[in-house]
Asker: 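Next up is a structure, given as structure tokens.
Quantities reported herein were computed from a predicted structural model and do not represent experimental measurements. Computed over heavy atoms, backbone and side chain alike; hydrogens, waters and symmetry mates excluded.
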Amino acid sequence: MDLDKLVAELKEEADRLGRAIAALVGYPLSGGGKKTRAGRPKAATPKRRKRGGLTPEGRRRLSIAMKKRWAERRKKAL
């Protein structure tokens, strides 16, 4: 086998591996081109949702229900 041919094949293999690694890592092989920033675009930022609050009546009902539940648990524990 010719030495020049062997060197040329090894260089081609090195180029192919370099492109494969660059594709897997996500970096461009050449230094040219526009660089992009990773992350979500500004237009895609999530809007804050309004949270529903409890009314005083609902809070009272929830308090009574939880006190009842805790009392039942205490009975079962003893």
Asker: Hydrophobic cluster mates of Trp70, side-chain heavy atoms under 4.5 angstrom, ILVMFWY only, any path?
Answerer: Leu54, Leu62, Met66

Asker: Could you tell me which residues satisfy side chain to side chain donor-acceptor pair (under 3.5 Å) with Arg60, sequence neighbours excluded, listed by chain and number?
Answerer: Glu57

Asker: Going by salt bridge (charged side-chain N to carboxylate O under 4.0 Å, His left out), name the residues that satisfy it together with Arg74, two or more places apart in sequence or in a different chain.
Answerer: none

Asker: Could you tell me whether Arg16 and Glu13 make a salt bridge, using a distance below 4.0 angstrom between a side-chain N and a carboxylate O?
Answerer: yes

